[in-house]
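What follows is one structure encoded as structure tokens, with my remarks underneath.
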Amino acid sequence: MLNQLRITIIKYGAISLTNLQNQLAYVWDVAGRSAMIIFFMFIFTQLWTAVYESQETAVIAGLTLSNTIWYFIIAEVMELGKPRHDIRISEEVKDGSIAYTMGRPYNYLVYHLANGVGEAAVRMGLVFLLGLPVVIYYAGLPTVAARHLPAVFLVVVLAMLLDFFVFSIIGLLAFVTEDIFSFRLIYQKLVFILGGLMIPLDFLPDWLHRIARILPFSLTTYAPAKLFVAFDAAQFRQIVSSQVVWLLIIGAILYRQYRWAVRRLTVNGG
Amino acid sequence: MNGLAVDVSGLVKTFQVKQKAPGLRGSWRAVWQPAVKEVTAVADISFTLEEGEILAFIGPNGAGKSTTIKMLTGILYPSGGQASVLGYTPWQDRRTLGFHIGSVFGQKPQLWYHLPAEDTFRLFARIYELDMAAFRQRRDFLVEAFDIGHLLQIPVRKLSLGQRMKCEITASLLHRPRIIFLDEPTIGLDVVAKQQIRDAITYLNEEENTTIFLTSHDAGDIEKLSRRVIIINHGRLIYDGRTSALKRQYLTRKRIDVRFAERLNGDELILPGVTILKRGTYGLKLEFDSRAVPVEQVVQQIMAVKPTQDINIADPPLEEIIRDIYQA
């Protein structure tokens with residue numbers, strides 16, 4: 001059994017490593033697309049500096065200007081660095097290459113998860129490194145304590161897993177609809193507003209903040225960013241519990257949807 | 001004695017296809033009243049395939065060939081019927097079956113586009129849980145068979161179609177599949193690359209007893225590789241038999257190329273039922289129906305015209321035979 005576990009880890013690890021190599025093979029192209037973070041961070045910095053100055057206060061909803069700028073770089077890393085396996089699944093259905101990717105001796109969704117890890121490693125790293133000079137110039141070094149980093153890392157991992165589950169559900173719709181762009185767009189906009197990508201949830205009206213905190217969108221973006229800039233043990237426990245609950249709920253939906261979708265798969269070109 | 005590699009019984013696959021009338025009005029109507037038509041891609045086909053057999057599974061575009069392959073490899077669920085591949089039900093045992101089968105879809109890439117083929121080979125060694133020493137031995141053998149040693153370090157995007165196809169097939173053979181599904185493996189290739197691929201397929205079948213399930217529009221692939229042919233059209237099986245019998249059954253037309261020792265005058269050979277396809281100064285190309293005019297009679301007539309230097313009797317290309325069957 002241990003040997004089988006070792007073989008399975010090696011198998012999926014090899015998939016991650018191969019996509020990592022693939023991303024590095026055209027790293028300048030990926031870097032070029034990630035470079036927009038420099039402009040994003042510059043605009044965010046100017047905007048929030050103006051907001052803090054207009055309020056004539058150093059702290060809004062418990063966050064300093066430096067906290068807010070660091071919040072946005074982490075939120076953007078989570079958003080821009082996430083793998084786009086739903087699009088890949090859609091492309092596989094459209095070009096028929098799913099005949100290869102589904103026919104191999106592995107779990108199709110775990111294959112995409114492993115693939116996504118390799119992709120995310122490069123993309124998240126690049127977005128962070130490219131945005132970092134702007135953030136350090138305007139906000140200085142982060143205030144996060146080193147002892148909190150493992151807890152933040154755990155929340156990041158669970159956030160990515162949750163995102164993976166949601167995008168898998170969207171991707172599997174391609175088995176029937178082929179194109180999933182509209183579904184992806186709706187989810188992205190929900191994350192944008194209710195996930196804390198446009199504005200930290202702490203700055204929202206109290207009633208909206210409370211609703212957003214219950215929904216899963218905030219757990220993929222707001223949660224890791226907020227804990228990175230203002231770690232709180234109670235909030236950490238609440239976030240991890242919520243992430244686990246949503247993983248179970250969305251995981252169950254994904255499981256049912258996978259079984260439903262594979263029976264209805266239509267592949268272009270026969 | 002070989003067992004059954006494939007056992008298909010009453011296999012059916014239907015798809016729901018959206019319909020839209022042409023023009024803006026059609027588009028508008030499709031938004032509010034989407035019309036869906038049920039299309040039968042595979043209609044109740046049954047056949048068996050023994051281990052170690054080479055089967056050419058052919059038909060015109062849209063006949064249901066690829067859909068059948070995708071059901072036999074477990075990608076698509078059938079709408080009806082049963083299938084067993086190496087004792088497994090493909091759509092239920094897809095992952096286990098995946099260890100024992102290989103597939104090559106000539107028009108779809110499986111190699112990582114930005115990486116050299118060697119990286120995909122190593123990945124497949126892990127995916128198929130191969131012992132790395134055995135993998136290296138197998139890879140080296142295939143690399144030599146396909147003569148691709150000089151291509152292994154080049155990103156796949158830089159390879160020509162023929163080079164890429166040889167790498168694609170190599171990738172599908174690394175795990176020594178017991179049955180390999182080849183969906184138009186020689187499409188778009190030059191004669192040299194085609195021959196290399198045919199030689200490798202023949203070797204795998206003869207030396208490793210690999211069952212080959214081949215679809216191709218290339219008559220050369222079918223004639224040179226398979227002793228058995230199944231033809232499907234509109235999802236229905238219309239022929240299942242030996243390649244030679246197919247040719248005999250449908251091949252009543254013969255072609256004769258003859259070269260005479262003396263110059264021709266122009267009106268030497270007038271036979272009912274014989275068409276002169278081409279007339280040269282010293283040669284003739286004839287076609288006739290052997291049911292109407294026996295071959296011996298035509299040959300005797302030719303010999304009576306003038307002394308002959310060379311004579312060649314041939315069947316029309318298989319693709320013409322297949323075309324005739326489709327049209328029938």
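Everything numeric here is computed off the predicted structure, so don't read it as measured data. In what follows, every chain begins at residue 1, and chains take the letters A, B, ... in the order their sequences are listed.
Taken from CD in A/Glu119 to NE2 in A/His112, the straight-line distance is 11.0 Å, to the nearest 0.5 Å.
The candidate with the highest count of non-hydrogen atom pairs below 4.5 Å against chain B, out of A/Tyr12, A/Tyr111, A/Tyr100, A/Tyr108, is A/Tyr100. Between chain A and the residues B/Tyr128, B/Trp91, B/Tyr113, B/Trp112, the most heavy-atom pairs under 4.5 angstrom are made by B/Trp112. Counting heavy-atom pairs closer than 4.5 Å to chain A, the top-ranked of the candidates B/Leu97, B/Ile69, B/Thr68, B/Ile75 is B/Ile75. Of the residues considered (B/Pro109, B/Pro155, B/Ala41), B/Pro109 shows the highest number of contacts with chain A, using heavy-atom pairs under 4.5 Å. Top candidate by heavy-atom pairs under 4.5 Å with chain B, chosen from A/Arg264, A/Arg263, A/Gln21, A/Met102, is A/Arg263. Considering only heavy-atom pairs separated by less than 4.5 Å from chain B, the leading option among A/Leu17, A/Asn19, A/Ile98, A/Thr101 is A/Asn19. Of the listed residues (B/Arg126, B/Arg95, B/Lys13, B/Gln16), the one with the most heavy-atom contacts under 4.5 Å to chain A is B/Arg95.
With respect to B/Ile58, the side chain to side chain contact (heavy atoms under 4.5 Å, CB included) criterion is satisfied by exactly one of B/Asp221, B/Val229, B/Thr215: B/Val229.
For B/Gln137, the CD atom sits in a loose shell: 12 or fewer heavy atoms of surrounding residues, nucleotides or ligands are nearer than 6.0 Å.
In terms of the ring pair (Phe, Tyr, Trp, His ring centres under 6.0 Å) criterion, B/Phe121 has no residue partners (sequence neighbours excluded).
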Step-by-step ring-ring contact (aromatic ring centres under 6.0 Å, His included) determination, A/His85 to A/Phe164: CA-CA 8 Å; A/His85 73 286; A/Phe164 175 81; 4.4 Å; yes
Derivation of the salt bridge (Lys or Arg N to Asp or Glu O under 4.0 Å) call for B/Glu118 and B/Arg122: CA-CA 6 Å; B/Glu118 172 70 6; B/Arg122 285 171 181 275; 3.1 Å; yes
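Contacts of B/Val104 with chain A are made by both backbone and side-chain atoms, with heavy-atom separations under 4.5 Å. Of the atoms belonging to A/Ala25, it is side-chain heavy atoms, and not backbone ones, that fall under 4.5 Å from chain B. A/Leu265 touches chain B through backbone and side chain together, each having a heavy atom under 4.5 Å away. For A/Gln23, no part lies under 4.5 angstrom from a heavy atom of chain B. Using a 4.5 Å cut-off between heavy atoms, A/Tyr26 contacts chain B through its side chain alone, with no backbone atom that close. Looking at B/Pro78, there are no atoms closer than 4.5 Å to chain A (heavy atoms on both sides), in backbone or side chain.
Both tests do not hold together for A/Arg104 against A/Tyr106: distance to the six-membered ring centre under 6.0 Å, angle to the ring axis within 45°.
Using a 3.5 Å distance cut-off with no hydrogens or angles, the side chains of B/Tyr239 and B/Asn233 do not pair a donor with an acceptor.
The existence of a salt bridge linking A/Asp29 and A/Arg33 is confirmed by a sub-4.0 Å separation between a basic side-chain nitrogen and an acidic carboxylate oxygen.
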